[in-house]
Structures are given as C-alpha cells and as structure tokens.
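Presented below is the structure to which this report refers.
If you're wondering where the values come from, they're calculated on a predicted model, not measured in any experiment. A note on names: the letters A, B, ... follow the listed sequences, proteins ahead of strands, and every chain is numbered from 1.
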Amino acid sequence: MSETGRPLNFLERIVQEDLESGKITRVKTRFPPEPNGYLHIGHAKSIWLNFGLAQNYGGECNLRMDDTNPAKEDEEYVEAIQRDVQWLGYQWAGKVRYASDYFDQLYEWALYLIRAGKAYVCDLSADEMREYRGTLTEAGKNSPYRERSVEENLALFEKMRAGEFEEGKCALRAKIDMSAPNINLRDPVLYRIKKASHHQTGDKWCIYPSYDYAHGQSDAIEGITHSICTLEFADHRPLYDWFINQLPVPAEPHQYEFSRLNVNYTVTSKRKLKQLVDENYVDGWDDPRMPTIAGMRRRGFTPKALRDFCEMAGVTKTDGVVEIGVLEHAIREDLNANSPRAMCVLRPLKVILTNYPAEKTEVFTAPGHPQRDDMPERQLPFGREIYIDQEDFRESANKQYKRLIPGRRVRLRNAYVIEAQEAIKDNTGNIIALHATYIEDTHGKDPADGIKPKAVIHWVAAHAHIDCEVRLYDRLFADVAPDAGGKNFLECINPNSLEILQGCKGEMGLSKATLEDRYQFEREGYFILDARYSSVDKPVFNRVIGLRDTWDKAAQPD
RNA sequence: UGGGCCGUCGCCAAGUCGGUAAGGCACCGGAUUUUGAUUCCGGCAUCCCUAGGUUCGAGUCCUAGCGGCCCAGCCA
C-alpha cells in the first residue's frame, strides 16, 4: 500500500523491490518527449508517473528532449513542454537535458561498434532495405554491404559525418541478426543522413542517431535506473538491452512498459492534434477544447485534477479506454472543494418586482462557499429590477419542473422568495420581461404563510452587475471513439462544441477575478477567465465543466 | 499464420504463498440541503475470455483453445 492507501501499481512495486534488494540505491527516471508538438493528456500521465515515482521514492527525474529528428522538431515545442511540466507541478533535476547533448558521445560509441565489427555502413536505399528486411513471417537477408571491413566502415562513416553523401545514400546499421523473429533486431539503423539544421546543435551534424540507438545510451549517461515507456516499445527492449550490453556505458538502465492513456470522445495523437490546429478546426494548440495540457490549462482544469485523474486511471499493461467522465469527476471534485461561489445569469430575463419600492435597494451578504468559512463573504446588491435565467421561468410546465411558472414561488438564492405574476411579451410573442412580487420578510426565513418554495434560483441586480461573455464548451468530438480505425476523425467533430453567450450578467465581485481564479457560478458550473480573450473592459469566462446534472432533461416539458 | 503484450462488473482497477472477488467512475434508490450541486446512507460480478484438468478448495496452478492490441520508418 502507498501512503494514500492505494495498492501499489506494478512499477511502484518494481522500484520498491529494486530499492529493497539493493539493486539500486536511488531511483532515477526521466520524461523524454520529442519536441515536435504540444504535450497532451497522455503525456500528462507519463509526467505524473515518472516524476511521481521519483518523488515518492526519494529519487529524481530528468526532463530530456528526445531531439534526434531535427526535421520535425522546433524550439517552440521545447519551451511549451517546459511550461506544461512545471504547470503540472513538477520540477526536473538540474537543467533540461537533450539527447543532442550526447551526440559526440553517441558518435564515439558508434565508432566503437564499428571497430568491434558490430556496425556497418549500408548503401541499400530505403526501399531496398525494406525488401531485405523480410516480413513478419519470413526472415530477412543480409545486406550485400554487411561484410565491409572495419577500415572501410570507418572511412565511410567519416564521410557520412563530413556531409559527403546525399540524404538516403547510406546509413549506419547495427550488425545483429537478419533472421531474428523480432524485426527490430534485423540490423536496425543507428545513424541516418539528414541535412537539416538542428534547433539545439545548429549545423554541427548532418547525421543523426535513431531513437533506438540514442535512447538507451542517453538513459545510461544520465544514470536512469527505470526507463519507462509505453507498450509499443516493448519489442524494442531486446535492442535497448543489446546496445547497453555491447557498449562501454557507465550504467545499466532497464526499460519498463505501461499502457498508454486513452480517453473516450478524444484523440491523443500528435498528428491528429496538429491537423486540428493547422487546418483551423480549433483555435490553436491551447484551444480550451483540446486535450493538450495547454488547452486544458486555458480551459481551467487544475494540475491537481489532472494528477488525480492519472492516479484514478491506474498504471497497468492493459490496453484500455478511460471514460471521460472520470476526468470530469476529478475536475469537479477539486473545483467543488476549492472554488468560491458566485452568481452569473447566462441568459438574462428581466424581472420587475412590482411590489418592491422603486427607489429602494438593499445589500445582502452571502457565504463565499457553503461548506467553508475561510472564504470571504460576498455583498449582493438587490433592487426592484433583477435578472434571472430564461430557463428558470416557463409559462407552463409539468409537475417535475420546480422553478417559476405564473403563480408559483421560488427562492432567490441568498435573498427573498418571489412569486411570478405574468410574462411581458413583445409584439412577436417573445417574453421580454417578467412581472413578479417579492414576499416580505423571507430573507433568511420561510414565508409566514408556510408555503415554501420548491426551488432556489440564482439572480443578479439590474442596477449592479458586470456584463461579460461566457463560453460554454462541449466535447470536441461527438463520437465515442473518433480515433478508432476506419473512421475519419474530422467527421466526428461535434459542431456544437463551443457556444458563445454575450450579455451575461455576473455579480459585482466577479470584476475582481484574475486569470488564476476559478469560480463556481451557482447552479451552472465552474468558470475561469479566458487567458486569451478576456480583458478588463470585457471579461470572458470559460466554463471549465458544468455541475453534475441529475435532473432528467428528457423529462422536461417543452 | 513470425515475435511481443494483454484479457476480473458498463469504464478503469485491486487480487504477491491457491482458501472462497478491494476501490474509483457510471448507474439505481433513499436522507440532508436557500445550488435539481455538495455531503451522507444503501444497492450494483455465486463470478473472474472459454473448455478441460490438478486440488478438500483455483481469478490465482496445468493443458488446449478463443478474443484484442503492437511490430516489416533511414519517425518516436
């Protein structure tokens, strides 16, 4: 059991056993993203796992950019990655590492393999190499260049490094076994020629190490004890181990695999997320509907909620899809406990309290949070004219509807009980206002006649409120599995994933909201100022997530 | 059909020496409630992919099947 009372997951158990057996004296992990896109919810789990493991077992975790492919990478991403990791609440050991920091060492070790007769320069084209590789069920055959002499390989590799060959002309390969049942062992490529300048090393190199060759050795250099990756790399582990065994590396790291996080109704593939951004289906990598860390941050999710979600999802080797409801639960749980309450009318309907003196105003106080007294109270101006939500009044309704209908009373949250009289309409029949009466002496007490209202609704004074814009988000995809094979994920996009409401009316205290503050707009959900579009003149609130709603919408009358 | 990994409630997931199925989410009640929220209390797998077998006893061991995911980039 961990200190949280949760049973240990298989990786925690491995780390604990390695510590207890003395196999290692300190855990060292790393989070190794490739800076070729923004981090998403799946990376959040890897971050939580790697940093959390180090944290919980007294070790440390490095942040390493796996930057072995300059053609796809960019400095923009290395910066975004650092922001995201820190926002999630983690700090890497020392400075940010780059696989490119080790290019010199990796090159030396490549020479070592060549001298040991374990690597050779192969002139096969990419197509030829594929043919020689064989298939899943048939062994491959040796490259005609496989038996070049050490001297020749050394000379050729030097020419590769010096830029004397065109891209694709040749590659350095490990000499392992072309008939291995594991295709990764059929003489994998160690170095390929790429005449691209690198975001970290500039034009120093024109040959770049492959992931397989660079990753394990980088782990060894950094003293990583547990190199955690996702399931699809399990087949690479024999190769990972091969390099560690062949080379004079300073440590012997081990690779472990866990299943990647999948969430229904969302896509978590960098390629697809990039397409949504590039083709303007969303408003950038940090669009609040995106499952990117940047998007979730802008949406208003909290780092804690994300971490809790990862823990709830668990760490195993089972391929699975977690319901998005688990994520939503994690967010509501955190926000319910920690967000101050406020009232904001999203779709205003003016109500005139015909029996309330025209010149009179009052100010009511309301608790900052119903279950916490450490949050400051609020002041709520009240007057003859107020706004309530259009959905809280109906001219007629079935018996399940508990809110306002003509002749029925309802409690105004933190204020009086009122009773609806009649709807005022324009000449096209649209309701433009509501006449109602307030019941005296019902602030903080029930009506004297004993007829208690069945519902409580939120409101804001017409003479004292702030105007704002509210953005309601729904899931980006209408399909439970937009990522599933055979379908075009773009066709699964939910056309109603964003609803922008203008002219919303919030209580005065909301004018003090900062970019960090999340509020519960009572009866509506949790909201935060949008970091991109909000301004002092015009506040724009994002709905992080709605309140849980157990009222059966299907049972509502028209 | 070569290799690797996996199959416990609708979704995730405990179950470590075989001893008679944790927990979370969802869902369904019911209580409290000036948020149809929160909180609270109760319900929710005679069954662990299937079939045999071993055993006093198997989700846990054995055998044979079935199903799913991953691998043939000079991507990671």
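Scanning atom types as modelled, one donor and one acceptor separated by under 3.5 angstrom connect the side chain of A/R403 and the base of B/G36. One donor-acceptor pair, N or O on each side, does fall under 3.5 Å between the base of B/G3 and the side chain of A/D235. One N or O donor and one acceptor, one from the side chain of A/Q520 and one from the base of B/U35, sit under 3.5 Å apart.
Using a 4.0 Å cut-off between charged nitrogen and carboxylate oxygen, A/E222 and A/R97 do not count as a salt-bridge pair. Remark: A/D392 engages A/R403 in a salt bridge, criterion side-chain N to carboxylate O under 4.0 Å. We find that A/D101 and A/R64 are not joined by a salt bridge, their nearest charged nitrogen and carboxylate oxygen being 4.0 Å or further apart. The existence of a salt bridge linking A/K487 and A/D479 is confirmed by a sub-4.0 Å separation between a basic side-chain nitrogen and an acidic carboxylate oxygen. Ionic pairing of A/D123 and A/R148 is present here: one or more N-O contacts between side-chain nitrogen and carboxylate oxygen are shorter than 4.0 angstrom. Using a 4.0 Å cut-off between charged nitrogen and carboxylate oxygen, A/D241 and A/R237 do not count as a salt-bridge pair. Salt-bridge check for A/E311 with A/K304: failed, with every basic side-chain N at 4.0 Å or more from each acidic carboxylate O.
Listed candidates were B/G4, B/A72, B/A37. Nearest to the side chain of A/A234 is B/G4. Residue A/R130 places its side chain closer to B/A72 than to any other of B/G2, B/U35, B/A72. The side chain of A/R192 approaches B/C74 more closely than any other nucleotide in the set B/A72, B/U34, B/C74. Each of B/C5, B/C74, B/A37 was ranked by its minimum atom distance to the side chain of A/T550; first place goes to B/A37. Side-chain atoms of A/E522 lie closest to B/U35 of the nucleotides B/U38, B/U35, B/C74.
Shown here, B/G23 forms a base pair with B/C12; the pair counts as Watson-Crick or G-U wobble because both key distances fall under 3.5 Å. Searching all strands for a Watson-Crick or G-U wobble partner of B/C48 with both distances below 3.5 Å returns nothing. A 3.5 Å limit on both hydrogen-bonding distances identifies B/G7 as the Watson-Crick or G-U partner of B/C66. With a 3.5 Å ceiling on both atom-pair distances, the Watson-Crick or G-U wobble partner of B/G42 is B/C28.
Within the structure, every side-chain polar atom (N or O) of A/R341 is placed at least 4.0 Å from both OP1 and OP2 of B/U38. Of the side-chain N and O atoms in A/R186, none sit less than 4.0 angstrom from OP1 or OP2 of B/G73. Of the side-chain N and O atoms in A/R133, one or more sit less than 4.0 angstrom from OP1 or OP2 of B/G73. The phosphate of B/C75 (OP1 or OP2) has a side-chain N or O of A/K194 nearer than 4.0 angstrom. Between A/R548 and B/C27 there is a side-chain N or O to OP1 or OP2 distance below 4.0 Å. Taking 4.0 angstrom as the limit, A/R6 places none of its side-chain polar atoms (N or O) nearer than this to OP1 or OP2 of B/G24.
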Practice item. Assign a letter to each nucleotide of nucleotides 9-16 of chain B from its 5' end: B, base within under 4.0 Å of a protein heavy atom; S, sugar-phosphate only; -, no contact. Key: -BSSSSSB
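Comparing A/R413 and A/S125, the nucleotide of RNA chain B nearest to each residue sits closer to the 5' end for A/R413. Residue order along RNA chain B, read from the 5' end via each residue's closest nucleotide, puts A/N336 first among A/E167 and A/N336.
Here, B/C75 and B/G23 have their C1' atoms 40 Å apart, quoted to the whole Å. Atom P of B/C49 sits at a distance of 13 Å from the matching atom of B/G10, rounded to the whole Å. Using atom C1' as the reference point in both B/G15 and B/A22, the two lie 8 Å apart (nearest Å). Comparing the P positions of B/G24 and B/C71 gives a spacing of 36 Å, expressed to the nearest Å. B/A37 and B/A26: their P atoms are spaced 13 Å apart (whole Å). Taking atom C1' in both B/C9 and B/A45, one finds a spacing of 5 Å when rounded to whole Å.
In B/G73 the O4'-C1'-N dihedral to the base is within 90° of 0, which defines a syn nucleotide.
The residue A/M129 sits close to a base: some heavy atom pair falls under 4.0 Å. Looking at heavy-atom distances under 4.0 Å, A/N69 makes contact with sugar-phosphate atoms alone, never a base. At the heavy-atom level, A/H458 lies nowhere under 4.0 Å from the strands shown.
Under a cut-off of 6.0 angstrom, the local environment of CG in A/D278 is crowded, with over 12 non-hydrogen atoms contributed by other residues, nucleotides or ligands.
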Side-chain donor-acceptor contacts of residues 158-166 of chain A below 3.5 Å, not counting sequence neighbours, with atom names and distances?
from	atom 1	to	atom 2	distance (Å)
A/E158	OE1	A/Y107	OH	3.3
A/E158	OE2	A/R161	NH2	3.4

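Between A/Y211 and B/A76, no base-stacking contact is recorded for ring centres under 5.5 Å apart and planes less than 30° from parallel.
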